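What follows is one structure encoded as structure tokens, with my remarks underneath.
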Amino acid sequence: MVVALDITFLGTGSAQPSATRNHQAIALRTDGEIWLFDCGEATQHQFQKSKLKMGKITRIFITHMHGDHCFGLAPLLCSMTDNLNPANQNNSQDEQRIPIDIYGPSPLRSWLRTTLTSTYSNLGRPYRVHELLFKDDPVDQNLSLHNNELPGENIHLNSDHVFALPLFHSALEKGYRVQAAPILHSISSLGYVITEPDSPGKLNALIPIIKKHAAALKEQHHLSNPMTLLGDLQRTNQPYTLPDGTQLLPPPRRPGRQIVILGDTYDPSAVAKIVTSENPAVLVHEATNALTKLDFMIEKQNKRTPYSPPTFEDVEKRAKEHGHSTPQMAAAFAKRINCQKLILTHFSARYRGDDSPEAKEVMEEIRNLAVAAFDNRDQDVFCARDLWTFDVKMTS
Ligand SMILES: [Zn+2]
Ligand SMILES: [Zn+2]
């Protein structure tokens with residue numbers, strides 16, 4: 001069975017939050033669980049404004065240690081593990097015992113430990129931090145753990161220069177895979193690639209064949225309901241020989257969707273090699289800076305003399321100097337990995353995320369900049385806004 005998979009953008013702003021954009025946090029909902037990517041300040045408030053239940057978070061992935069991506073982590077952990085919190089009361093006692101796995105770069109583990117310890121915070125569930133270590137990062141030895149902390153793994157880049165993340169509990173049992181690669185930003189930053197397990201193939205084409213042989217199957221193979229063969233083929237994935245000797249082949253399994261979520265970056269090239277799908281379902285890419293009518297206006301107001309209008313090259317240069325991307329840069333990477341959908345996020349505070357005509361016009365300009373650089377694929381490019389949910393469709 002294909003599971004529902006969607007992505008809710010809890011925060012879509014960069015650097016400074018605004019009245020219309022919170023700091024970055026992205027909730028991937030799959031198979032009844034929430035996997036959270038980044039946890040900017042006040043992410044728990046965003047959960048309260050959304051339909052998502054923070055008690056359903058099982059895993060948290062931090063892309064990098066800039067505060068706009070992790071300042072909300074300690075308070076969120078306190079609230080989401082508070083078993084008296086009505087939002088968490090649907091969780092079973094077993095769920096309340098399973099540790100929350102948190103992944104991210106150094107010094108996430110010691111920072112979180114210090115924050116929780118020095119604020120006398122106790123959690124209702126255990127947690128552990130698995131650190132993805134870049135070259136020359138200090139290795140935390142899991143000493144002096146917080147009361148609710150379990151030792152986490154220290155994950156080094158493998159020989160392919162990739163982090164293969166150990167998954168636990170349901171994600172391991174169901175066959176999910178998560179890999180990460182270092183991407184270029186002003187500090188160590190990560191791009192994550194999440195791969196769903198394959199799902200059983202479509203059975204529709206087999207129904208008329210079984211119907212055609214139904215009488216013979218009943219008589220010669222003593223199958224009172226020949227349609228049960230459909231379930232057997234899915235379960236065993238083995239061919240079945242029909243009474244006339246022809247082989248009924250199980251339908252090819254459907255590859256799981258692949259989702260790419262990047263931290264802040266001006267060059268995510270290293271992620272391209274861990275994208276194994278020929279057609280990943282979604283790429284979430286930052287587009288902090290752009291050149292729109294609004295930017296021309298702001299530049300003019302701040303004019304230096306002599307004033308010359310900014311160009312795309314100027315904006316790209318400036319974005320790169322700060323470790324960020326433009327919509328065109330995001331589209332270029334989307335093209336490179338041949339993704340089905342591109343979602344832009346992490347916008348500068350000047351780009352408001354509300355419903356006013358002015359804000360919508362600016363966001364449409366930003367989207368169009370990416371569309372033009374993505375082979376004019378107008379249907380495939382989106383600008384995220386706070387609390388917007390994107391359904392990830394299964395296309396094959
Ligand atoms: Zn940021
Ligand atoms: Zn950053």
Side-chain angles (χ1 to χ4, degrees), residues 7-28 36-46 60-76 102-109 111-112 115 131-134 137 163 180-192 260-271 283-290 295 315-330 333 342-353 363 366 370 382-388:
I7 303 173
T8 299
F9 290 81
L10 295 162
T12 56
S14 69
Q16 288 174 359
S18 69
T20 61
R21 293 194 192 275
N22 206 67
H23 272 163
Q24 179 122 334
I26 299 168
L28 177 77
L36 185 67
F37 291 80
D38 283 335
C39 187
E41 180 187 340
T43 293
Q44 64 167 319
H45 298 72
Q46 298 298 91
I60 300 173
F61 303 83
I62 300 296
T63 61
H64 65 298
M65 291 303 295
H66 275 150
D68 54 327
H69 297 255
C70 63
F71 274 161
L73 186 54
L76 179 86
I102 304 170
Y103 302 82
S106 171
L108 179 61
R109 189 186 291 150
W111 171 74
L112 185 59
T115 306
E131 281 193 339
L132 283 61
L133 298 168
F134 288 64
D137 275 345
F163 294 110
I183 56 178
L184 302 182
H185 182 44
S186 53
I187 62 168
S188 297
S189 185
L190 293 160
Y192 289 100
V260 184
I261 299 178
L262 305 182
D264 292 0
T265 189
Y266 64 93
D267 180 358
S269 297
V271 165
L283 165 67
V284 179
H285 196 304
E286 69 128 292
T288 309
N289 305 107
D295 297 281
V315 175
E316 182 169 321
K317 184 166 174 280
R318 227 177 299 156
K320 284 181 175 170
E321 279 167 6
H322 292 97
H324 291 300
S325 294
T326 62
Q328 293 94 326
M329 290 163 71
F333 190 66
L342 165 64
I343 303 177
L344 305 176
T345 189
H346 196 268
F347 300 109
S348 159
R350 66 173 60 170
Y351 306 126
R352 283 162 41 197
M363 294 318 298
I366 290 176
F382 304 84
C383 287
R385 49 188 291 174
D386 284 20
L387 304 177
W388 172 65

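As the structure lists them, so they are numbered: ligands from 1, and atoms in each ligand from 1. Computed from a predicted structure; not experimentally measured.
Taking the side chain to side chain contact (heavy atoms under 4.5 Å, CB included) definition, one finds that Ser269 meets it with Asp267, Arg336, sequence neighbours left out. His23 meets the ring-ring contact (aromatic ring centres under 6.0 Å, His included) test with no other residue; sequence neighbours excluded. Contacts of Glu316 classified as salt bridge (charged side-chain N to carboxylate O under 4.0 Å, His left out), with partners at least two apart in sequence or in another chain: Lys320.
At most 12 non-hydrogen atoms from other residues, nucleotides or ligands lie less than 6.0 angstrom from CZ of Phe71.
Judged by distance alone, with hydrogens and angles left aside, the side-chain atoms of Asn22 form a donor-acceptor pair with the main-chain N or O of Glu41 at under 3.5 Å.
Distances from the Zn ion (ligand 1) under 2.8 Å pick out these protein N/O/S atoms: Asp68 OD2, His69 NE2, Asp264 OD2, His346 NE2.
Between Glu286 and Leu262, every side-chain heavy-atom pair lies at or beyond the 4.5 Å cut-off.
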